Amino acid sequence: MNENLFASFITPTMMGLPIVIIIIMLPAMLMTSSKRLVSNRFHSFQQWLIKLIIKQMMLIHSPKGRTWSLMLVSLIMFIGSTNLLGLLPHTFTPTTQLSMNLGMAIPLWAGAVILGFRHKLKSSLAHFLPQGTPISLIPMLIIIETISLFIQPMALAVRLTANITAGHLLIHLIGGATLVLTNISPPTATITFIILALLTILEFAVALIQAYVFTLLVSLYLHDNT
């Protein structure tokens with residue numbers, strides 16, 4: 001219990017150098033490509049999952065938006081696998097870092113917005129001023145809509161960071177309480193251990209759901225601008 005509560009969120013280093021790049025590349029190493037005529041079960045499941053994601057994400061998009069299919073599939077696979085690997089003991093979760101999530105959200109959001117201004121300029125500008133707005137409210141509404149547009153990438157990054165960080169902290173707290181209660185009150189420790197096990201299962205679901213939500217919102221931003 002003397003360990004710092006936020007120690008698991010500190011970027012790991014080796015010989016004074018950050019190794020977060022290696023950790024970020026690790027999920028990509030798990031996504032293997034098969035050269036066999038008959039694929040194994042893991043590769044078959046991987047291909048089935050990719051086709052399902054493409055079908056769900058690209059259903060609402062125009063042909064221009066479907067050119068982003070590889071980017072969106074890579075994004076959801078990367079975030080999901082990184083979140084799941086972060087649930088293993090003594091591991092580091094890069095998606096708990098707001099800087100990394102902003103690094104993913106801002107370029108994708110900016111790319112979708114720039115695409116909208118390039119191909120649908122009138123429609124993109126129309127979002128800043130709803131139809132039928134009183135003349136006296138026009139300046140205020142333009143400012144509000146502009147602020148809401150620039151808040152979108154921040155909301156994406158903060159949502160992912162907050163959900164993953166909260167889950168990790170809760171597991172850390174309940175796990176520490178279970179360890180302390182083992183010698184004090186074994187029945188209570190058993191109850192907290194059951195709660196910890198259920199929370200861990202919930203965190204597995206949250207890890208996948210947050211990856212889906214992040215990618216889905218990027219997909220919706222893209223749909224609005226194509």
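Here the structure is a predicted model, which means the values were calculated and not measured.
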- Message: Given 3.5 Å as the limit, does a donor-acceptor pair link the side chain of Thr161 with the main chain of Val158, or not?
- Response: no

- Kindly give the heavy-atom pair with the smallest separation between Phe214 and Ala157, and that separation in Å. CE1-N, 4.5 Å

- Message: More than 12 heavy atoms of other residues, nucleotides or ligands under 6.0 Å from CZ of Phe150: yes or no?
- Response: no

- Task: State, with a plain yes or no, whether a side-chain heavy atom of Leu108 is found less than 4.5 Å away from one of Tyr221.
- Result: no

- Measure across Met104 and Pro107 and return the closest heavy-atom pair with its distance rounded to 0.1 Å. O-CD, 3.7 Å

- Message: Nearest 0.5 angstrom please: Ile79 CD1 to Asn101 CG, how far?
- Response: 7.0 Å

- Return the minimal non-hydrogen interatomic distance between Leu149 and Pro153, and the atom names on each side. O-CD, 3.9 Å

- Message: Please check: side-chain N/O of Ser185 versus main-chain N/O of Leu181, any donor-acceptor pairing under 3.5 Å?
- Response: no

- Task: Decide yes or no on side-chain hydrogen bond (donor to acceptor under 3.5 Å, both in side chains) for Thr93 and His168, but give the supporting numbers first.
- Result: CA-CA 9 Å; Thr93 312; His168 282 53; 3.0 Å; yes

- Do Val218 and Leu156 touch side chain to side chain, with heavy atoms closer than 4.5 Å? yes

- Should Ile54 and Phe78 be regarded as members of a common hydrophobic cluster, given that ILVMFWY residues are connected when their side-chain heavy atoms come within less than 4.5 Å of each other, either directly or indirectly? yes

- Item | Same apolar cluster (I L V M F W Y, side chains within < 4.5 Å links), Val73/Trp68 | yes

- Evaluation steps, side-chain contact (heavy atoms from CB on, under 4.5 Å), between Leu222 and Leu115: CA-CA 8 Å; Leu222 178 64; Leu115 197 65; 3.8 Å; yes

- Message: Just to verify, which of Ile142, Ile143, Ile144 counts as forming a side-chain contact (heavy atoms from CB on, under 4.5 Å) with Thr146?
- Response: Ile142

- Item | Where Ala189 and Thr178 come nearest, the two heavy atoms and their spacing | O-CG2, 3.7 Å

- One should read off an interatomic distance between Trp109 CH2 and Ile151 CD1, to the nearest 0.5 angstrom, of 10.5 Å

- Quick one: pull up CG in Leu208 and CD in Glu203 and give me the separation to the nearest 0.5 Å. 11.0 Å

- Query: Can you find a pair of side-chain heavy atoms, one from Ile76 and one from Leu72, that are under 4.5 Å apart?
  - Reply: no

- Task: Spell out, yes or no, whether Ile171 and Ile195 are grouped together once hydrophobic residues are joined by side-chain heavy atoms under 4.5 Å, including indirect joins.
- Result: yes

- Message: Tell me the closest heavy-atom pair linking Gly80 and Ala211, and the distance in Å.
- Response: N-CB, 3.5 Å

- Roughly how far apart are Gln210 CD and Asn83 CG, rounded to 0.5 Å? 8.0 Å

- Query: To the nearest 0.5 Å, how far apart are CZ in Phe193 and CG in Leu198?
  - Reply: 10.0 Å

- Do Leu84 and Leu160 share a hydrophobic cluster (ILVMFWY, side-chain heavy atoms under 4.5 Å, transitive)? no

- Joint cluster assignment, Val206 & Leu170, ILVMFWY side-chain distance < 4.5 Å: yes

- In this structure, CG of Leu196 is separated from CD1 of Ile174 (nearest 0.5 Å) by 6.5 Å

